[in-house]
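Notes follow the structure.
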2 protein chains.
Amino acid sequence: MNTLAEENYLKSIYHLSISADNVSTNQIAAALNTKASSVTDMLKKLAEKALINYTRYQGVNLTPSGEKIAINIIRKHRLWEYFLVEKLNFKWDQVHDMAEEMEHISSAELIDRLDEFMGHPRHDPHGDPIPDSEGRFKTAELKPVSALMVNQCGIISGVRDHTSPFLQYLEKQQLTIGKKITITDIIEYDHSVALKTDTEKEVHISREVANNLLIAL
Amino acid sequence: MNTLAEENYLKSIYHLSISADNVSTNQIAAALNTKASSVTDMLKKLAEKALINYTRYQGVNLTPSGEKIAINIIRKHRLWEYFLVEKLNFKWDQVHDMAEEMEHISSAELIDRLDEFMGHPRHDPHGDPIPDSEGRFKTAELKPVSALMVNQCGIISGVRDHTSPFLQYLEKQQLTIGKKITITDIIEYDHSVALKTDTEKEVHISREVANNLLIAL
DNA sequence: TGCAAAATTTAGATTAGTCTAAATTTTTTA
DNA sequence: TAAAAAATTTAGACTAATCTAAATTTTGCA
Ligand SMILES: [Mn+2]
Ligand SMILES: [Mn+2]
Ligand SMILES: [Mn+2]
Ligand SMILES: [Mn+2]
C-alpha cells in the first residue's frame, strides 16, 4: 500500500485543501514540520502514483483516489481518538499523538469492527465528524463564538485549535463539546465575550478563544 | 526510541532464545524473512546500542535492556491480540498480523490503560502469558498431547504452531484453549492420538497435531 | 514593467534498511 | 586433519525519506 510518510502527506494536503483548492509546498512543509525540498520530492512521488495533481511551482490538490486514502486515514484517526477517550478514559487533549500513530494500522476489517464496537460514533472527541466506511460524512455548519450576538445561544460543537493548552483551558472552563452556552455580553474594547453555560456558570473568554470555539445554532 | 525494524529483531531474538542461549544469524534471517547479510548489519547496530551481545560469527543474545524492550513488545502484541478477540470478536487465527503492527504503538500509558480496560488478562488468545507492566510473567509448564499416556487428562493451554491453518483446524475440532481433554487411545503405528473432550466428543488427531497442542495437567 | 523578495525546485549528501555477490570464518566429514 | 560445505560477514548497490545549499521561477510592489 502506501508508506506512513505518504499517508501523512495525503492527510495534510486534505486538511489544507479545506481552505484553498490548491495547496502550496510551504504550507505542507509547515504542517508536517519538514523542509520545502523534502515536500517537493514527496509531491513528485505522489503525483507519480496519481494520488495528487501536481504542476511545478503551482501547488497541488488530491485526485479522487488520493482523497479517498486521506479520508480513510482521517476516519481511523478519529475512531481511535474516540476509543481512547470513551473506552480508555483519556482526556481530549491527550489523544492526538497516539491517534497519529494508530491511524496507520492498515486493516480495514479492524477499523470497521472498532467502529461497530463503539456504536458507530458520528463525531470524535473534538467534535470533528467521523467518515463512515465508504468515506461519507457531513460537516456541520459551525460558527465561532465570536460571530454570535448578545443573547444568542448555541451548542459547543467543535474547536479550531486542537492543541493541548487550548483544550485544557476549555475543559477547565467547562466549555466542552455538547455544552449549551448563551452570550451574555460582548466587550467592545477587546472583543472578549462573556457567556453562561446551561449550569448558569459565567465565563469570560478572550477574542482569541472565541474565535477558536465553534458553535452549532 | 527504537525503530520498528529494531523492535522486530529484538522480539525475534527473544523468541529464538527460548530454545538456545545463543541465536544465530541464519535463525534470525529465517524468522524475519530477510537475508543473513541484512541481519548482520542490524546486529552491529543493536550491539552498538548495547541491546545485544554480539561477537562476529558467534551469534547473539539479549542484554538486560534488550530483553526488557523485547518483553514490552510481546506484552503489547499479546494485549492487542486479546483485545481483538475479546472486544472485536476476531477469531484466534485472524489476529496475529494486526497485532504485529499494533505492537509498535509507542505509548506505555495507552497499553497500561488497555490492560486495565480488559481486566488485566493473564493469557493471550493462544494461551501465551501476557507480561505485566514491569515485564513480569510466569510460563506454565506445558506438555504436548503427544507426551500423555492413555487415560491421562489435562486442559488445553497453548499451541506450538501459531499459523492460521493449524488454529482453524483446532477450532473446527473444538480443541480450543481451556477445554479439558482425556486421552482414550494411542495408535502405535503412526503415533496418532484419540481423545475425548469434556463434552464427550471423540476426536482423533495426528502425531503432528499432538506435538503442537499443549496441555496443563 | 522590471527588479527584489519569496517560493519552489534541483543538486548533492546522509541515514535506515534492505539486497546480491564475493570473501572470510567456522564446522563437518571423509 | 585437510578439504568441502555451511554459515557468516563484507563490499557495493538500491530505495525511501530526509536535509542544506544553490539555482530557478513566480510574485508583488516601487
Ligand atoms: Mn500519522
Ligand atoms: Mn480529533
Ligand atoms: Mn511487528
Ligand atoms: Mn498470540
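In what follows, chains carry the letters A, B, and so on, assigned in the order in which the sequence lines appear, proteins first and then strands, with residues in each chain numbered from 1. Just so it is clear, the model here is predicted, and its values are computed rather than measured.
At the phosphate of dT8(C), neither OP1 nor OP2 sits under 4.0 Å from any side-chain N or O atom of K35(A). For the OP1/OP2 pair of dT24(D) and a distance below 4.0 Å, the side-chain nitrogens and oxygens of R56(A) include no atom meeting the criterion. Contact check, Y57(A) against dA6(C): no side-chain N or O comes under 4.0 Å of OP1 or OP2. For Y54(B) and dT9(D), the shortest distance from a side-chain N or O to OP1 or OP2 is below 4.0 Å.
Between the P atom of dA16(D) and the CG atom of L46(A) lies a distance of 12 Å, rounded to the nearest Å. Rounded to whole Å, atom P of dA16(D) lies 17 Å from atom CG of N8(A). The nearest whole Å value for the distance from the CG atom in L43(A) to the P atom in dA7(C) is 16 Å. Atom NZ in K44(B) sits roughly 8 Å away from atom P in dT9(D) (whole-Å rounding).
Across all their heavy atoms, L84(A) and M98(A) have their closest contact at CD1-CB, 3.8 Å. Closest non-hydrogen pair, D161(A) versus F166(A), comes out as O-CD2, 3.2 Å.
Of all the residues in residues 13-33 of chain A, S24(A), T25(A), N26(A) reach under 4.0 Å from DNA chain C with at least one non-hydrogen atom. Residues from residues 66-73 of chain B placing a heavy atom under 4.0 Å of any atom in DNA chain C do not occur.
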Distance-only criterion, 3.5 Å: show the donor-acceptor pairs between side-chain atoms of residues 56-64 of chain B and protein atoms not counting sequence neighbours.
from, atom 1, to, atom 2, distance (Å)
N61(B), ND2, N22(B), OD1, 2.8
T63(B), OG1, A50(B), O, 2.8
T63(B), OG1, L51(B), O, 3.1
T63(B), OG1, S65(B), OG, 3.4
T63(B), OG1, G66(B), N, 3.2

Donor-acceptor contacts under 3.5 Å from residues 205-216 of chain B side chains, at least two apart:
from, atom 1, to, atom 2, distance (Å)
S206(B), OG, E208(B), N, 3.4
S206(B), OG, V209(B), N, 3.2
N211(B), OD1, S146(B), OG, 2.7
N212(B), ND2, E208(B), O, 3.1

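The pair R75(A)-D112(A) meets the salt-bridge criterion, since a charged nitrogen lies less than 4.0 angstrom from a carboxylate oxygen. Between K11(B) and E7(B) there is no salt bridge, since no side-chain N of the basic residue sits under 4.0 Å from a carboxylate O of the acidic one.
For the atom pair CD of E86(B) and CE of M118(B), the computed distance is 9.0 Å after rounding to the nearest 0.5 Å.
Under 3.5 Å, the side chains of H120(B) and D132(B) contain no donor-acceptor pair of N or O atoms. In this model, no donor atom of one side chain and acceptor atom of the other lie less than 3.5 Å apart for N26(B) and S24(B).
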Can you pull every protein N or O that's under 3.5 Å from an N or O on nucleotides 11-16 of chain C?
from, atom 1, to, atom 2, distance (Å)
dA16(C), O3', K45(B), NZ, 3.4

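The nucleotide whose nearest atom lies closest to any side-chain atom of T40(A) is, among dT9(D), dT10(C), dT26(D), dT10(C).
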>> Please determine whether side-chain contact (heavy atoms from CB on, under 4.5 Å) holds for the pair M1(B) and S106(B), giving the CA-CA distance in whole Å, both sets of side-chain angles, and the decisive distance to 0.1 Å.
In response: CA-CA 9 Å; M1(B) 263 309 286; S106(B) 58; over 6 Å; no

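Residues passing the ring-ring contact (aromatic ring centres under 6.0 Å, His included) test with H162(B) are H126(B), sequence neighbours excluded.
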